[in-house]
Amino acid sequence: MRTPAPVPLPSSASLPMSLPMSLPMSLPVSVSVSVSVSVSVNGSRSAADGPAVPMSPDALAESALAAVGAGAGEVLVHPRTPCGRESLSPRVVGPVLEVLRRTGVGVALSVPVSIAAEPDPAGRLERVASWTVLPDRAVVHFGQPGAAELARALLARGVAVDAVVPLGGGAGPEPLARFLAWPVREPRRVRLSAELAAADPALVAGLRALPPVPVLLYGRDAAAWPVLRLAARCGTGVRTGVGDVTHLPDGRPARSNAELVSAARDLVARAAATAASR
């Protein structure tokens, strides 16, 4: 089977930079704008987290397709072995990506490359080098050892990079410092994904020193919807999905990734309408 070419991704130069950002006065940041809603279709969840969590490759594909139909512009999927363990093996990553494409998921596909799937930094590099089917993007955690080398290896293979930096909670300054120290030579193929522990504008104050890369802000569980609202006000990219949150903004359990995406798009639209009315 011929390996499908990665889907072309919009560069930061092609994004609508003239959109109003409506940044709060306490948020001294200038960020690149992304109009896309990303969806994390499974994350580290298991079947114990509820029926909205897709487990099998076919269920992942069905859930991703419905989420795209609801307006998701990117899909993040955690490939797993049949016993449920996260894996970077080409025999696991490739088939998951292929079933998503075969089902008709036509947006950018992303996979995480992290300690959860491979504890050894050298092992992560070996796994990436062995991939026979490539995702469009890969998530690299700059709080984990070997992140810069891993990001370079992915870019060399033609895979765009989402550099994850945790902000707040128990996260110290090191992950952001590592990212800022990393020479970003291809800013159109790198995005900063900041995971906020709370929707506190002060948490992103350090982003003023960013290189000119797109930014995505997201939170998990109780922080997910407040951070999404903050991201919408700031004009950054947003993320939702059962990998991040299993309830809707009103507290009801989410029935699907598609329902979460619809709720996220509603919040983004409301933020845009509020900004336009000022």
Side-chain angles (χ1 to χ4, degrees), residues 19-45 49-50 52-53 67 70-74 76 112 139 141 143 162-173 175-176 191-208 210 214-278:
L19 288 179
M21 296 181 62
S22 185
L23 291 173
M25 294 301 292
S26 59
L27 187 58
V29 189
S30 177
V31 295
S32 298
V33 178
S34 171
V35 297
S36 180
V37 175
S38 298
V39 59
S40 175
V41 294
N42 59 343
S44 60
R45 308 284 187 188
D49 291 298
V53 182
E74 296 177 10
L76 169 62
V139 174
H141 293 261
D162 278 332
V164 172
V165 171
L167 299 174
L176 180 58
R191 177 171 61 190
L192 177 70
S193 294
E195 180 182 344
L196 273 61
D200 182 358
L203 287 177
V204 292
L207 302 187
R208 70 183 70 177
L210 276 179
V215 174
L216 182 148
L217 302 179
Y218 72 99
R220 296 183 188 274
D221 296 319
W225 293 113
V227 170
L228 192 143
R229 290 186 183 95
L230 174 64
R233 286 164 49 209
C234 295
T236 72
V238 303
R239 196 177 93 182
T240 188
V242 298
D244 293 340
V245 61
T246 56
H247 64 272
L248 296 168
D250 62 6
R252 288 179 297 122
R255 293 172 295 179
S256 66
N257 277 301
E259 190 173 29
L260 290 166
V261 170
S262 294
R265 285 177 59 84
D266 286 346
L267 288 179
V268 170
R270 271 182 242 151
T274 300
S277 66
R278 288 176 180 170

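Count residues from 1 along the sequence.
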Worksheet entry | Separation of Leu176 CG from Leu210 CG (nearest 0.5 Å) | 7.0 Å
Discussion item. So, using side chain to side chain contact (heavy atoms under 4.5 Å, CB included) as the criterion, who are the partners of Ser256 when residues are at least two apart?
Written reply: Ala258, Glu259
Practice prompt. Applying side chain to side chain donor-acceptor pair (under 3.5 Å), name anything that partners Arg270, two or more places apart in sequence or on another chain.
Written response: none
Worksheet item: Which heavy atom of Ala197 sits nearest a heavy atom of Ala223, and at what distance?
Response: O-CB, 3.4 Å
Practice prompt. Measure the shortest side-chain to side-chain distance between Leu260 and Val242 over non-hydrogen atoms and say whether it is less than 4.5 angstrom.
Written response: yes
Worksheet item: With sequence neighbours excluded, what pairs up with Ser40 under the side chain to side chain donor-acceptor pair (under 3.5 Å) test?
Response: none
Worksheet, complete the sentence: Sorted by chain and number, sequence neighbours left out, side chain to side chain donor-acceptor pair (under 3.5 Å) with Asp162 holds for Arg137, Arg191
Worksheet item: Which one of Val164, Leu207, Leu216 satisfies the side-chain contact (heavy atoms from CB on, under 4.5 Å) criterion with Leu192?
Response: Leu207
Fill in: Separation between CG of Leu228 and CZ of Arg239, rounded to the nearest 0.5 Å
11.0 Å
Worksheet item: How many angstroms lie between OG1 in Thr236 and CG in Leu230, if you round to the nearest 0.5 Å?
Response: 7.5 Å
Worksheet item: Got a sec, which residues hit side chain to side chain contact (heavy atoms under 4.5 Å, CB included) with Ala263, two or more places apart in sequence or on another chain?
Response: Trp225, Leu248, Pro249
Worksheet item: At what distance, to the nearest 0.5 angstrom, does CG of Asp244 lie from CG of Leu76?
Response: 8.0 Å
Discussion item. For a quick test of reading the model, state the closest non-hydrogen atom pair linking Gly241 to Asn257 and the distance between them.
Written reply: CA-OD1, 3.2 Å
Fill in: Partner residues of Arg229 under the side chain to side chain donor-acceptor pair (under 3.5 Å) criterion, sequence neighbours left out
none
Worksheet entry | Nearest non-hydrogen partners of Leu203 and Ala198, listed with the distance | CD1-O, 3.3 Å
Practice prompt. Take Val204 and Leu196, measure what side chain to side chain contact (heavy atoms under 4.5 Å, CB included) needs, and give me the verdict at the end.
Written response: CA-CA 8 Å; Val204 292; Leu196 273 61; 4.0 Å; yes
